[in-house]
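Worksheet: one structure, shown below.
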Amino acid sequence: MDQSENTSLLDSLSSNFPSTTNDFDTLKIFVKEDEWVQAATKLKDEYGLSFFSWLSAVDWENDVSVGDPPKENVQPSFEILCCLSDTSDGNFVILSTTIDKTNPIINTLVNVFPGASWHEREAYEMFGISFEGHPNLIKLYLPDGFEGNPLLKSYELLTREVKPWPGEVDVEPMPESDEEIKGDDEQ
Amino acid sequence: MTTTIDPENLPFISETSVSVEIETEGMTLNIGPQHPSTHGVLRLVAKVDGEQIFNVEPVLGYMHRGYEKLAEVRTYPQITTLVNRIDWVSGFSNEIPFIAATEKLMEVEVPERAKYIRLILTEMARIASHFVFNGAYPLEIGALTPLFYAMEDRERVLDLIESVTGGRFHPNFNRIGGVKPAAGAGPATKKDIQDLPAGFYQETRDSMETILKACDKFEDLVGGNEVFIARTKNIGVLPSEVASAYGVSGPILRASGVKFDLRSTTDYLPYKDFDYEIPTGENGDCYDRWFVRLQEIRESAKIVLQAIDAVPSGPLQAKVPKIIKVPEGECYVRAENPKGEMGYHLISEGGLGPYRLKIRTASFSNISVLPWLLEGVLIPDLLAIMGSFDFVLGDVDR
Amino acid sequence: MSFGLELAIKVGVIAAIAPAMALALTIIEIKGSAYMQRRPGPLHVGLRGLIFPIAEVIKFIQKEDIIPTKADKSVFKWAPAYIFISVFGLFVIIPASPTLIVRDLELGVFYLMAISSFSTIGVLTAGWSSANKYSMMGGLRAAAQLIAYELPLILAVIGVVIQAETMSLVGIVEAQKEWGVPFVIAGQGVAFVIFMVAATAEMMRVPFDMPIGESELVSGFLTEYSGIRFLLFYISEYINLFVMCAIASTLFLGGYHIPLLPVEWVNFYGPLVLIGKTFALAAILILIRWSFPRFREDQLQNIAWKILIPLSLANILVTAVMKVVF
């Protein structure tokens, strides 16, 4: 069911959480850092969103070492995203908060959703964000002795030093004209 | 506790009761990363006492390929190729949510024919994945024969997928705006349009009928076997609240009694036009998880039989520019992968590739519940439970 | 003939027959399983599949002899020998006809049970000396399983001994000749089933192959064995299969005896009849191997202690009562 049609959910969410957006069928709620755990608990208890989908982070940075920088200048920060869903209608909500890059600490969601444990460990090793209160915050994927946090925009990829982005095509280009690809009317 | 025995003053045994407890420590057993039963390179560090397990800690990362970082340095069509390889058993179904997310941000209208073809191929990928489970799970319990029967039926489906897309495991058939319209990589002229091959409809009908019969055979041979029932009933019961809290999705959640299927709640593909049931289990034990997947094969075959008769005519791909630039925006699209819920959170800043792509895979969340579930079980039961979770390491480690 | 010459001939014959039987059973197993699993390879490749056992033997012989560093070397090397010796020892009493037998011991059945339990030591020492946690677990599981299933094996045979009034195997076959019907029909049907189940467990075949537990313990107590040492285990497993089925057919199915053929030529058709019955039983066991998953050990032990032993005791009781009354 299209989320944008579920106006009752949208209305009740907007009344409780002032900054809720609904673009592209994705309900996104912004909360402040210190309301993180509270908001998650509220969504679980009152709205029935008890299915923990995922938790991750985004590194907003103007000075990127690989890829394209953001179109407009952003304030460098980490944005933590957590997606919760319900198990009956398929409504989902993305909870988002912004934390400071110089001191990236946030409370853990493990007491509300036990499944957050591994996702937080992954965010810890990929971005360097510490989760306060996490019982076992150690590396998940990367081998022992790995230095650095790979998903930070400032992390440099060795091969990109050699080849420019998005990567030169290694084979000869196909002989083709510059028309648009048309979808054909026949089958 | 140990007693100290004083040789001078040994009491008569009949007068006192000496209780000595022999302390045994647990043994640390490393299951994996190379092991016949972990589906790939999963390492479980298990503390065992004889045959019983105290606790289990999975160690991941042996297959980590860095997909999320890789997605930041690739263009959108290149990522379509990469994404096939996350859950390599059902290659086609990994592309769907990613393409749907890109199409959502670009606000592209996908033609109906392309949607139906996508649906048929997704259901075939689901059948293929569940047949792998059907063959490999009895193998872990000890029955060596169903593997061959399952693989034979799986070959029929893979042949069909190959005749349409050219690839069995990694079809790379989706394009932004539809499915691949032309042979080769050149521009689509009227002569080059390569649609569904001749005889596809009839072959699909025949194969699906055979698969429905094969499901009956499996239900009888494997599900009716007393030893199989004794090894899987009431083993590894997963309550539904725990499953939700850990993010366990897909057939495992349905086997625990929650009737939740993303195919019926989302509209990226036209599932609403077809008539199918959502199988659920009662107890949430290993037998239910096996049975739910067997039922899902049946339902998928029925959907394909209905869809084959209803494919509309029309173009195969919408008009999109040659160099694809997705406008700014952020969206999360999720789909029902055979293993569970697979979703892509795409944050785009208008470039040739995404700014951030978060891949939510089903098996990662599914096996995060294993330490909770595996306390106090015996080692053969550990393998039965792990096998019933049907995870793939590419899905876990990305 | 002098004792030495007779001994040499008998040892030579056994040394020739036993591996030949093992090879024949390997061929039946491979082709049977290929039929059941629809694998065309062993059915068509290489002279219709007959080359496979020879190819396997050659493969194993030419492999490197690897002994783990921390393994207990002398124990590790001797472990296959225990099993090999115990199965060869059983050939002494199998009657191919009333005179074609190595030695018709008066205590045939007693000897049989004693020697067949000798292989437990081999399995346990193989598991322990390999310095590998998986092998040790496989060895311990094997010890528990083999000891548990000795009892139903012995108790099932006691019923036959009571009915035949003799422990010598030739005597048991003669008793069946007198009865006119083999013992499996003449009242020992339950004992036959118990014997076959217990024999499958003694040979550690699926559905009782927890000690080997292929998908769990990566071959269990056999994990660290490769090359010729593994070949010894492998061949002794098949010789064990042959011997157990031969004994079952002797005790329950009538051995070398078939009612219609004349008695003077028993030296010619006796061995063939025995081999035929043995292969029939072995084929059933092979069929079961590829059809069933394996039991967990506690289920296995439950079956032995709570089902098979009480049943076999009841069988003895009933046989004894019937023997006295009739």
Side-chain angles (χ1 to χ4, degrees), chain B residues 26-32 34-39 44-53 135-153 155 220-233 235 286 290 377-384 386-387, chain C residues 29-30 32-43 131-145 197 200-201 204-220 222-223 286-303 307:
Chain B
M27 171 174 86
T28 307
L29 185 67
N30 216 352
I31 303 182
Q34 286 138 332
H35 188 92
S37 274
T38 60
H39 295 230
L44 294 174
V45 180
K47 264 204 160 9
V48 301
D49 173 26
E51 289 271 337
Q52 211 172 26
I53 298 181
Y137 186 50
L139 187 66
E140 287 168 26
I141 307 247
L144 306 159
T145 314
L147 177 69
F148 298 96
Y149 296 156
M151 287 298 152
E152 194 178 324
D153 292 312
E155 284 297 309
D220 214 9
L221 277 179
V222 180
N225 191 318
E226 291 82 14
V227 183
F228 186 80
I229 294 178
R231 283 296 295 271
T232 52
K233 274 254 187 229
I235 307 279
C286 292
W290 171 83
V377 299
L378 300 173
I379 292 189
D381 286 340
L382 177 150
L383 289 153
M386 248 178 36
Chain C
E29 172 119 40
I30 286 181
S33 69
Y35 250 125
M36 285 175 67
Q37 294 172 350
R38 290 198 277 224
R39 289 180 289 130
L43 301 176
N132 180 342
K133 280 178 190 162
Y134 286 116
S135 303
M136 187 194 78
M137 282 173 57
L140 293 177
R141 285 180 180 178
Q145 176 178 324
V197 171
T200 319
M204 287 185 290
R205 284 176 76 87
V206 179
F208 298 106
D209 75 337
M210 257 300 143
I212 301 182
E214 217 174 277
S215 47
E216 301 160 20
L217 299 180
V218 202
S219 272
L222 292 178
T223 314
I286 288 173
L287 199 76
I288 293 180
R289 176 186 184 172
W290 296 103
S291 316
F292 276 83
R294 68 175 66 93
F295 282 108
R296 225 170 48 208
E297 317 77 69
D298 58 326
Q299 292 166 338
L300 220 151
Q301 301 284 341
N302 266 352
I303 293 178
I307 301 179

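Reminder, nothing fancy here: chain letters follow the sequence lines and each chain counts from 1.
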Checklist entry - In terms of heavy-atom proximity below 4.5 Å to chain C, should B/L221 be classed as side chain, backbone, both, or neither? => result neither
Checklist entry - Got a second to check how far C/R296's CZ is from B/I235's CD1, nearest 0.5 Å? => result 4.5 Å
Checklist entry - So, for B/T145 and C/Q37, which heavy atoms are closest and what is the spacing to 0.1 Å? => result CG2-CG, 3.4 Å
Next on the checklist: How close do C/P293 and B/V227 get, counting heavy atoms only, and between which atoms?
Outcome noted: O-CG1, 3.5 Å
Checklist entry - Considering only heavy atoms, which portion of C/S291 lies under 4.5 Å from any heavy atom of chain B: side chain, backbone, both, or neither? => result backbone
Next on the checklist: Please classify the contact of B/I229 with chain C as side chain, backbone, both or neither, using a heavy-atom distance under 4.5 Å.
Outcome noted: neither
Checklist entry - So, B/R231 side chain and C/R294 main chain: donor-acceptor pair closer than 3.5 Å or not? => result yes
Checklist entry - By a 4.5 Å heavy-atom criterion (distance strictly below it), what part of C/Q299 contacts chain B: side chain, backbone, both, or neither? => result side chain
